[in-house]
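Inspection log for the structure reproduced underneath, given as structure tokens.
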Amino acid sequence: MASPEDGTAGLTGRRVADDSLLEDEKAMLGNDPGGMLRATASAGAQVRESAALSAEANLSVLADEGRPRAVVVAGIGTAGLTGNILATVAGHRCPVPVIGHRSAGVPGWVGAADVVIAVSASGRSPEALAAADAAARRGARLVAIGNPDSELQAIAERARAPFIPVPRRAPARASLWGLAVPVLLAARSLGLVKVNEADLAETAARLDADAERCRPGAESFVNPAKSLALDLAGSVPIVWGSSPLATVAARRFADTLAANARYPVMAGALGEAGRGRVGLLDGPFGGLAESSRDIFADLDDDDNNESTRLRLVVMRDGGLNPQDEADEPVAVEERRADAVQVLAERRGVRCDVVTAEGGSALERLASLVAVPDFASIYLALAHGLDPMAVPAINEMKELSNPMPEGMQ
């Protein structure tokens with residue numbers, strides 16, 4: 001019997017994924033008591049709600065002092081990813097640096113010439129609170145985004161800074177769009193990013209359409225998220241993005257695979273991977289594993305399936321305007337993505353491709369994020385895991401938080 005000390009108390013689920021678990025909608029929803037599927041399906045609604053809440057905030061005051069020297073987006077986890085989204089959507093022509101800051105406080109150089117955007121879904125993360133407090137003390141312009149009636153809102157009110165309330169209805173990782181849209185609209189008020197109402201509406205519609213395609217009642221052969229989840233089952237996923245925008249989506253997928261499905265995963269930019277990490281395709285989990293596989297073995301037989309193999313996921317962007325918007329020529333990105341797919345095929349490493357669609361950078365990002373978000377949840381459910389309840393997170397908090405003095 002497991003004891004609290006052996007690290008397995010409270011753990012449930014199956015080590016080997018069972019695809020039949022994804023064909024019973026009632027059972028699936030029963031294994032998702034926290035409603036991660038429902039929360040993820042609300043992404044389009046999050047875009048609309050957070051855009052409306054941002055419009056009610058007095059963001060125009062941000063522009064009164066002109067263009068800032070730099071923008072610091074402070075937060076951790078999903079909140080921290082919003083800084084990457086802003087930098088990517090703004091693109092290489094953004095007139096000021098956009099810097100993501102994922103630790104407490106702000107960089108030492110931040111001062112009155114800068115803007116700090118503090119983001120926290122709960123409104124109480126130490127990183128966002130410390131950043132907001134430091135920004136106020138140093139005279140930087142501050143924008144705070146998070147749960148209403150929280151500590152973060154109190155700091156913003158004391159500093160007379162704009163606060164955008166984002167009601168928390170799900171874990172932060174299921175609230176990406178509710179947090180990201182206010183960051184983008186704050187930057188728009190500063191003249192740093194081009195995001196108009198049509199872009200927001202099209203992005204929301206895209207997320208709604210993908211939620212419909214990925215609904216629990218859709219069978220695996222017509223549900224792209226279930227199909228992707230089953231492709232990844234039992235593998236070590238590697239997720240590479242062909243462009244900066246696709247790389248943000250790749251890192252998002254890595255985060256959700258780790259948190260929801262508890263899968264080890266590597267993610268990054270394909271251009272960087274081509275300078276070294278592409279060698280993984282040759283290694284003991286790549287080509288070497290495939291070369292030693294018994295072609296007559298039953299892959300469903302655990303005794304004959306001892307070697308865990310890589311599974312490559314390539315996020316392909318393709319760009320919007322090859323002349324004006326790309327950080328490098330789109331043709332280079334496309335050739336690189338084609339090349340890694342050929343390399344994987346030659347080594348027997350299976351590859352899934354997720355391709356961006358849409359007329360704006362924001363919609364294209366949404367098209368790369370939506371299906372993988374659902375796939376990470378379906379992969380958890382195929383293993384009999386509750387995608388919302390992560391025992392290790394609670395245990396980590398218990399072990400790392402100081403004990404009350406009377407109990408020491």
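- For CD of E23, the number of neighbouring non-hydrogen atoms (other residues, nucleotides, ligands) closer than 6.0 Å is greater than 12.
- The number of heavy atoms from other shown groups lying within 6.0 Å of CZ (R38) does not exceed 12.
- Here the CG atom belonging to N260 is positioned 10.0 Å from the CG atom belonging to L385, to the nearest 0.5 angstrom.
- Contact check on R141 versus D114 returns no salt bridge, with no Lys/Arg side-chain nitrogen under 4.0 Å from an Asp/Glu carboxylate oxygen.
- Using a cutoff of 4.0 Å between basic side-chain nitrogens and carboxylate oxygens, D208 and R48 are scored as salt-bridged.
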For this session: For Q153 and E157, run side-chain hydrogen bond (donor to acceptor under 3.5 Å, both in side chains): C-alpha distance rounded to whole Å, both residues' side-chain angles, the deciding distance at 0.1 Å, then the answer.
Result: CA-CA 6 Å; Q153 181 173 6; E157 289 176 349; 3.1 Å; yes

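- Counting non-hydrogen atoms of other residues, nucleotides and ligands closer than 6.0 Å to CZ of R124 gives a total of 12 or fewer.
- Listed for the D24 side chain is a donor-acceptor partner under 3.5 Å among the backbone atoms of A27.
- Comment: E272 does not engage R275 in a salt bridge, judged by the lack of any side-chain N to carboxylate O separation of less than 4.0 angstrom.
- Remark: L270 CG to S242 OG distance equals 7.0 Å, nearest 0.5 Å.
- Between I76 atom CD1 and S120 atom OG the span is 10.5 Å, to the nearest 0.5 Å.
- Electrostatic pairing of D317 and R364 counts as a salt bridge here, judged by a charged N lying under 4.0 Å from a carboxylate O.
- Using a 4.5 Å heavy-atom cutoff, the side chains of R169 and E49 are in contact.
- Summarising the geometry, atom CG belonging to N31 is positioned 10.0 Å from atom CG belonging to L22; distances are rounded to the nearest 0.5 Å.
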Exercise. Under the salt bridge (Lys or Arg N to Asp or Glu O under 4.0 Å) criterion, do D282 and R347 qualify, and how do the steps go?
Worked result: CA-CA 7 Å; D282 293 335; R347 287 152 177 79; 2.3 Å; yes

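- By the 4.0 Å N-to-carboxylate-O rule, D352 lies close enough to R311 to be salt-bridged with it.
- In this structure, V115 and L190 have side chains that are in contact, with non-hydrogen atoms separated by less than 4.5 Å.
- When side chains are defined from C-beta on, V96 does not count as touching R69, because their heavy atoms never get closer than 4.5 Å.
- Under a 4.0 Å N-O distance rule, the pair D373/R252 qualifies as a salt bridge.
- For the pair R168 (side chain) and A121 (backbone), a donor-acceptor distance under 3.5 Å is absent.
- Here D210 pairs with R213 in a salt bridge; the nearest charged N to carboxylate O distance falls below 4.0 Å.
- Ion pairing of R350 with E345 is absent here, as no side-chain N (NZ or NE/NH1/NH2) approaches a carboxylate O to less than 4.0 Å.
- Within 6.0 Å of CD in E25 there are more than 12 heavy atoms belonging to other residues, nucleotides or ligands.
- For H383 and Y263, the ring centers are positioned less than 6.0 Å apart.
- Judged by distance alone, the side chain of R206 and the main-chain N or O of E363 form no donor-acceptor pair under 3.5 Å.
- Minimum heavy-atom separation, R215 to Y378: C-OH, 3.3 Å.
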